[in-house]
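In what follows, a single structure is set out as C-alpha cells and then discussed.
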Amino acid sequence: MHGIAQQQRGRHQLLAAWRPALGDGLERASGQKITLPDLDLAFYGDVFLPDRNCPSTKTADAESVLDGMSGQELAELSQVLTEAVADSDIEAAEQQVTMGYTRVPRPVQVLLRAVDRRFGAAAGVLYLGVLRQVYRYLHDLDVKARIDRRVEEGVGERGRVLIGHSLGSVVAYEYLRQHPSSGVELFISVGSPLGLRMVRSRLQVVALSTPNWVTVRDLRDPVACAGPLCEWWPQINADDELIVDNDGDAHSVECYLSKRTVGQVLLQALPHLTEE
C-alpha cells in the first residue's frame, strides 16, 4: 500500500520502484542473490486527483499544500504539527518568522519551521502533505469507501504479507481490521502515522487477527513521530518495533524497503525465498 502524492503515477510505475528496493533488502538479509517474491500493489492514488478538490501534488510548495483547506482542517492539522515538535522548536521558529513559508498564515509558518528544525529541511511540507491526505481518508466517507474497495480488490485471496507505507499503513490497517479472515500472516507498517492522535481518534483501535505485525521507522521521519505503536497496539512485540537510518531521506519507501532488517523480517515469513 503506497503513500501520498501518487496521483499522477500508477501501479506499474510504483512497482518499478518497490520491487528493486525490496530485492536489495532481501539480498542484504540473506547474503545471496534472491528471486523476488510475487509482489503486487493496490493503487488508489488517483482517488486524490486535483479535480476532486484535494491537496496539490506539489508537496514541495507549502502554499499549494494548503490549497482548499477549511478552517476546521487547518486547526486540526495545526494541532498535529504542534504535537510533533518541542516547545523549544516553536520558540526558535518564532525568531525566524521572516525566513521561508512567507505566503502561508503566520501560525502555520512557525509550525512548519519548527518541524523543519526538528526533522530537517522541507520536513514540514512533507508532513503536512501526508496529514492532509490522511485527514481526507479519515473524514471523507466517499474517498475512504473508494480506496477501501480498491485495496480489497487488489489484495484478493493470495496475499500473505501486507506492507503499508505512510498513508498506506493506515489503509492497510483498515483492510486487516475489516477482513479478519484475510489470510495475511504478516503486516509491515513503515513510516506510519498510525500513532498520531488525529488518526487513532478516527479509527477503531483494536487487535488485528494478523499473527505478526512489525513496524519500521526512522527517528527523523516526521510522519512516524508518534513513536512506538505498541503503546496502542500491544500485540506488537517490543522486538518488532524496528528503528532504521534512512540518512537524508527519512520517509522514503525505497530506503525503508532496502534495509537488511526489513529483509530479515520478510525471510522469516517467506523462508522459501532462499531455497535454491
Write down the atom of L22, the atom of L36, and the distance for their closest heavy-atom approach. C-CD2, 4.4 Å
For F119, what residues pass the ring-ring contact (aromatic ring centres under 6.0 Å, His included) criterion, not counting sequence neighbours? none
Applying the 4.5 Å side-chain criterion to the ILVMFWY set and letting contacts propagate, would V190 and Y44 be lumped into a single cluster? no
Please find out if less than 6.0 Å separates the ring center of W233 from that of Y173. yes
Any salt bridge between D140 and R146, counting N to O under 4.0 Å? no
Between the side chains of D218 and Y256, is a donor N or O closer than 3.5 angstrom to an acceptor N or O? no
Taking the side chain as C-beta and beyond, is there a heavy-atom pair between I188 and V265 under 4.5 Å? yes
Quick check: closest heavy atoms across M198 and Y135, and the distance to 0.1 Å? SD-CD1, 4.0 Å
Listing request: all salt bridge (charged side-chain N to carboxylate O under 4.0 Å, His left out) pairs with a residue in residues 199-213, at least two apart in sequence or in separate chains. E76-R202
Show every side chain to side chain donor-acceptor pair (under 3.5 Å) that has at least one partner inside residues 12-22, sequence neighbours left out. none
Over all heavy atoms of both residues, which pair between A269 and L186 is shortest? Give the atoms and the distance, please. CB-CD2, 3.7 Å
Indicate whether any N or O donor in one side chain lies under 3.5 Å from an N or O acceptor in the other, for S169 and S189. no
Connected to L219, directly or through other members, by ILVMFWY side-chain contacts below 4.5 Å are I243
Please tell me if the side chains of E152 and H179 come closer than 4.5 Å, counting only heavy atoms from C-beta onward. yes
Take E254 and S252 through the test side chain to side chain donor-acceptor pair (under 3.5 Å) and record every step on the way to the result. CA-CA 5 Å; E254 291 96 330; S252 164; 3.3 Å; yes
Electrostatic pair D40-R11, nearest N-O below 4.0 angstrom: yes
Connected via hydrophobic side-chain network under 4.5 Å: V170 and F187: yes
Side-chain heavy atoms nearer than 4.5 Å, only ILVMFWY residues, links allowed to pass through others: does that put L167 and L257 together? no
Pairwise side-chain contact, V47 with R150, heavy-atom cut-off 4.5 Å (strictly under): yes
So, for T210 and Q235, which heavy atoms are closest and what is the spacing to 0.1 Å? O-NE2, 3.6 Å
Examine W232 and L242 and state if one hydrophobic cluster contains both, with Ile, Leu, Val, Met, Phe, Trp and Tyr joined whenever side-chain heavy atoms are less than 4.5 Å apart. no
What one should report as the nearest heavy-atom pair of L229 and G195 is CD2-N, 3.4 Å
Pairwise salt bridge (charged side-chain N to carboxylate O under 4.0 Å, His left out) hits with a residue in residues 171-191, at least two apart: K144-E174, R160-E185, E174-R177
Could you tell me which residues satisfy salt bridge (Lys or Arg N to Asp or Glu O under 4.0 Å) with D38, sequence neighbours excluded, listed by chain and number? R158
Restricting to salt bridge (Lys or Arg N to Asp or Glu O under 4.0 Å), what partner residues turn up for R149, sequence neighbours left out? none
Non-neighbouring partners of D249 that pass salt bridge (Lys or Arg N to Asp or Glu O under 4.0 Å), sequence neighbours left out: none
Under the side-chain hydrogen bond (donor to acceptor under 3.5 Å, both in side chains) rule, collect the residues that match up with H2, sequence neighbours excluded. none
Backbone N/O of L267 and side chain of H272: donor-acceptor pair under 3.5 Å: no
I need the minimum non-hydrogen distance between L203 and L194, along with the two atoms involved. CD1-CD2, 3.6 Å
Those residues at least two apart in sequence (or on a different chain) that pass ring-ring contact (aromatic ring centres under 6.0 Å, His included) with Y137 are none
Name all pairs fulfilling the salt bridge (charged side-chain N to carboxylate O under 4.0 Å, His left out) condition that reach into residues 223-246, sequence neighbours left out, sorted by first residue then second. R220-D245
Contacts of type salt bridge (Lys or Arg N to Asp or Glu O under 4.0 Å), residue E83, not counting sequence neighbours: R197
